[in-house]
Amino acid sequence: MKNKLLIILLFAVFQFGFSQESKYDEQLAKSLNADDYGMKQYVFCILKTGSNTTATPEERNNYFKGHMENIQRLAKEGKLAIAGPFMKNDKNYRGIFVFNVATVEEAKALVESDPAVVAKIFEYELTPWYCSAALMKVNEIHETIAKKGF
């Protein structure tokens, strides 16, 4: 009896574990430039507190307005996969960008188009990063769940 139960259990595990149909979507994978693992290279950017400590509150507001406009532009162009601020921390980390580009040089040009970076409100570090190509769908999905814009 134990052997029959074991055989039935093994059969059930085999059926559920190995007979599931693939959900692979070749067209979507190609449109996202995914490799065989569904991954791709990005450039990860950490924004840190910059050296500009003399900007007036009005100047800072203008830099942040330009910063947000730049984020929206890069996202619409498909160059920015995600962006967001860090919560208060002791590392002076202010936020991240994940650029949808193949090289650090391309990402450098994009991050330096940010008025807050140009004004030294933020400094940055860039490094290549390997992640799911599906990350490029975040902005599209976000638009469907956000009640308000920035």
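Both backbone and side-chain heavy atoms feed into the values below; hydrogens, waters and symmetry mates do not.
- The CG atom of D35 sits 9.5 Å away from atom OG of S132, with the distance rounded to the nearest 0.5 Å.
- The two residues A81 and V138 have their closest heavy-atom pair at O-CB, 4.5 Å.
- The main-chain N or O of T54 is found under 3.5 Å from a side-chain atom of N52 such that the two form a donor-acceptor pair.
- Rounded to the nearest 0.5 angstrom, C45 SG and F122 CZ are separated by 10.0 Å.
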Item checked: Steps toward side-chain contact (heavy atoms from CB on, under 4.5 Å) verdict (L135, I82) -> CA-CA 8 Å; L135 193 60; I82 58 170; 4.1 Å; yes
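- For the pair P115/N70, a side-chain contact is recorded, criterion being any heavy-atom separation below 4.5 Å from C-beta on.
- Going from atom NZ of K30 over to atom CG of D25 covers 11.0 Å, rounded to the nearest 0.5 Å.
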Note to self: Test side-chain contact (heavy atoms from CB on, under 4.5 Å) on D114 and F97; report intermediate values, then the result.
What the structure shows: CA-CA 11 Å; D114 188 314; F97 292 145; 3.8 Å; yes
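- Note that NZ of K40 and SG of C131 are 10.5 Å apart. Values are rounded to the nearest 0.5 Å.
- Nearest heavy atoms, V43 versus T103: CG2-O, 3.5 Å.
- A salt bridge links E77 with R73: the distance from a Lys NZ or Arg NE/NH1/NH2 to an Asp or Glu carboxylate oxygen falls below 4.0 Å.
- In terms of heavy-atom proximity, F86 sits nearest to G95 at CD1-N, 3.4 Å.
- No side-chain heavy atom of L80 sits less than 4.5 Å from a side-chain heavy atom of L110.
- Crowding of E58 atom CD: a count of heavy atoms from other residues, nucleotides or ligands under 6.0 Å not exceeding 12.
- Residues V104 and P128 have side chains in contact (heavy-atom distance under 4.5 Å, counting atoms from C-beta outward).
- Counting only heavy atoms from C-beta outward, the side chains of L47 and Y93 never approach each other to under 4.5 Å.
- Smallest separation of non-hydrogen atoms from M136 and N100: CE-ND2, 3.3 Å.
- In this structure, the separation between CD1 on I96 and CZ on R94 is 14.5 Å, given to the nearest 0.5 Å.
- Between L32 and A134, the shortest heavy-atom contact is CD1-CA, 4.2 Å.
- Atom CD of residue E26 and atom OG of residue S31 lie 11.0 Å apart, to the nearest 0.5 angstrom.
- Contact record, I121 with A55: CD1-CB, 4.1 Å, taken as the closest heavy-atom pair.
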Notebook entry, point to check: Run the side-chain contact (heavy atoms from CB on, under 4.5 Å) check on E125 and F44 step by step: do they pass?
Noted result: CA-CA 8 Å; E125 289 182 16; F44 187 88; over 6 Å; no
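- Using a distance-only test at 3.5 Å, with no hydrogens or angles considered, no donor-acceptor pair links the side chain of Y63 to the main chain of V117.
- Taking 4.5 Å as the limit, some side-chain heavy atom of K48 sits within range of a side-chain heavy atom of I46.
- Counting heavy atoms from C-beta outward, S51 and E123 have side chains that approach closer than 4.5 Å.
- Between K65 and N61 the shortest side-chain heavy-atom distance does not fall below 4.5 Å.
- A distance-only check finds no donor-acceptor pair linking the side chain of N139 to the backbone of K137 [under 3.5 Å].
- The pair E105-K108 fails the salt-bridge criterion, with no side-chain N (NZ, NE, NH1 or NH2) lying under 4.0 Å from an Asp/Glu carboxylate O.
- Side-chain contact between Y130 and Y37 is present, with at least one heavy-atom pair separated by less than 4.5 Å.
- By the rule that hydrophobic residues join a cluster once side-chain heavy atoms approach within less than 4.5 Å of another member, V101 and L74 end up as members of one cluster.
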